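A quick write-up on the structure given underneath.
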Amino acid sequence: MITAEQHEKLRGWFVGRLPDDLFESLGDVTVDREEITVVGRIPEPRLTENASDAERKAAVDSRIQEFRERTRDARVTVAREAEHRFGKKVSWGVECGGERALFTHVAAPVMTRLRQPQRQVLDTLIAAGVARSRSDALAWCVRLVERHADDWLTELRDSLEHVQRVRAQGPDGPEAQDTPPNDAPTGTSADTSDEAPADTAKDKPTDN
């Protein structure tokens, strides 16, 4: 979880670094512990006024695929720099003609322990054919919460940002770095950072 200011700085880096002709405009830049996802808007294909829905969808899909192939080298270059700078994988997506498509992105495993009532929920989804496995059923539950609890999740994220801002003002926050070493209380660490450094991305960026 990052603060609004950190997110704005991250987005600003991409605004300044992306080639001017890559996107028509930059859309969303989202981030979590493992991944940064950059979604940009690209021009819609030109169609006749009487074009059918099938023709329109085929044209949009083709435009997205053309963009993905044509810009691969440029996106890999930016992704490599961002991964070195921020220690996170970079994934890409586009919006075109009302359609949204995400390219190859990180599927991070999440380990958890569930008691029998929770396991029974997952097994019910499997038995009903909604999911193929317990991990698939758990991912389905997360998507369901995300879809129906937007307001609650937004309020929760805002609360977390407030907590982080308050922590930053405390004795272990960044402001403590301005304190002369001789004034530091006995037994405190010289490193006042409250966050562990991000893992450095080692793998070469794949086709995003």
Side-chain angles (χ1 to χ4, degrees), residues 1-47 51 53 56-108 139 142-143 145-162 164-165 168 174 195 197-208:
M1 183 69 186
I2 65 174
T3 65
E5 181 179 2
Q6 291 171 328
H7 182 269
E8 290 170 1
K9 289 181 178 179
L10 180 71
R11 180 183 174 86
W13 185 89
F14 279 98
V15 169
R17 179 59 185 84
L18 292 174
D20 291 338
D21 59 350
L22 185 64
F23 294 126
E24 190 175 48
S25 63
L26 182 61
D28 298 330
V29 178
T30 56
V31 59
D32 63 8
R33 288 185 296 179
E34 294 84 14
E35 181 180 23
I36 301 170
T37 303
V38 181
V39 178
R41 301 181 183 89
I42 62 176
E44 298 182 34
R46 296 181 180 179
L47 298 169
D53 291 342
R56 176 186 170 283
K57 186 179 187 311
V60 169
D61 290 345
S62 179
R63 173 60 57 85
I64 292 173
Q65 185 62 30
E66 185 276 336
F67 171 88
R68 182 177 185 179
E69 297 295 334
R70 175 172 51 83
T71 64
R72 179 176 285 112
D73 290 344
R75 290 184 291 105
V76 167
T77 298
V78 174
R80 184 179 292 112
E81 293 182 21
E83 289 169 11
H84 177 74
R85 183 183 183 91
F86 302 109
K88 302 175 187 295
K89 285 293 185 181
V90 176
S91 300
W92 302 88
V94 295
E95 293 178 351
C96 179
E99 300 290 335
R100 183 184 181 97
L102 295 177
F103 304 158
T104 304
H105 54 98
V106 175
V142 172
R143 291 193 297 270
V145 171
E146 181 183 27
R147 184 179 307 149
H148 295 288
D150 285 344
D151 293 340
W152 180 78
L153 289 173
T154 298
E155 184 177 352
L156 183 60
R157 292 188 184 105
D158 291 342
S159 297
L160 289 173
E161 287 187 13
H162 176 71
Q164 289 180 331
R165 287 195 297 270
E195 294 183 359
D199 294 333
T200 302
K202 298 180 180 178
D203 298 333
K204 179 179 178 182
T206 57
D207 168 25
N208 291 296

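All values below come from the heavy atoms of this structure, side chains included, with hydrogens, waters and symmetry mates left out. A quick note: this is a predicted structure, and the numbers were derived from the prediction, not measured.
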*Can you name the closest pair of heavy atoms from Glu35 and Val106 and give their distance?*
OE2-N, 2.9 Å
_Parallel, tilted or perpendicular: which one describes the rings of Phe86 and Phe14, with boundaries at 30° and 60°?_
parallel
*For residues Thr104 and Ser91, determine if any side-chain heavy atom of one lies less than 4.5 Å from a side-chain heavy atom of the other.*
no
*Salt bridge between Lys57 and Asp53, side-chain N to carboxylate O under 4.0 Å?*
no
*Could you tell me whether a side-chain N or O of Thr3 sits under 3.5 Å from a main-chain N or O of Gln6, the two making a donor and an acceptor?*
yes
*Would you say Glu5 has more than 12 foreign heavy atoms packed within less than 6.0 Å of its CD?*
no
*Starting at OG1 of Thr77, measure out to CZ of Arg72 and round the result to the nearest 0.5 Å.*
12.5 Å
*Check step by step if side-chain contact (heavy atoms from CB on, under 4.5 Å) holds for Val39 and Phe23.*
CA-CA 9 Å; Val39 178; Phe23 294 126; over 6 Å; no
*asked:* Working note: Trp13 + Ile36, criterion side-chain contact (heavy atoms from CB on, under 4.5 Å); need CA distance, chi angles, decisive distance, verdict.
replied: CA-CA 12 Å; Trp13 185 89; Ile36 301 170; over 6 Å; no
*Do Asp28 and Arg100 come close enough that some side-chain heavy atom pair is under 4.5 Å?*
yes
_Pairwise distance CD1(Ile64) to CD(Glu69) - rounded to 0.5 angstrom_ = 13.0 Å
*Indicate the atoms forming the closest heavy-atom contact of Phe103 with Arg68, along with that distance.*
CZ-CB, 3.8 Å
*Please examine the side chains of Val78 and Val90, heavy atoms only from C-beta on, and report whether any two atoms are closer than 4.5 Å.*
no
*Any side-chain heavy-atom pair from Glu99 and Arg56 closer than 4.5 angstrom?*
yes
*Compare every heavy atom of Pro43 with every heavy atom of Arg63, then report the nearest pair and how far apart it is.*
NH1-O, 3.0 Å
*Step by step, would you call Leu22 with Arg17 a side-chain contact (heavy atoms from CB on, under 4.5 Å)?*
CA-CA 11 Å; Leu22 185 64; Arg17 179 59 185 84; over 6 Å; no
_Worked verdict on Arg11 versus Leu26 for side-chain contact (heavy atoms from CB on, under 4.5 Å)_ = CA-CA 9 Å; Arg11 180 183 174 86; Leu26 182 61; 4.1 Å; yes
*Do the side chain of Lys89 and the main chain of Glu34 share a donor and acceptor less than 3.5 angstrom apart?*
no
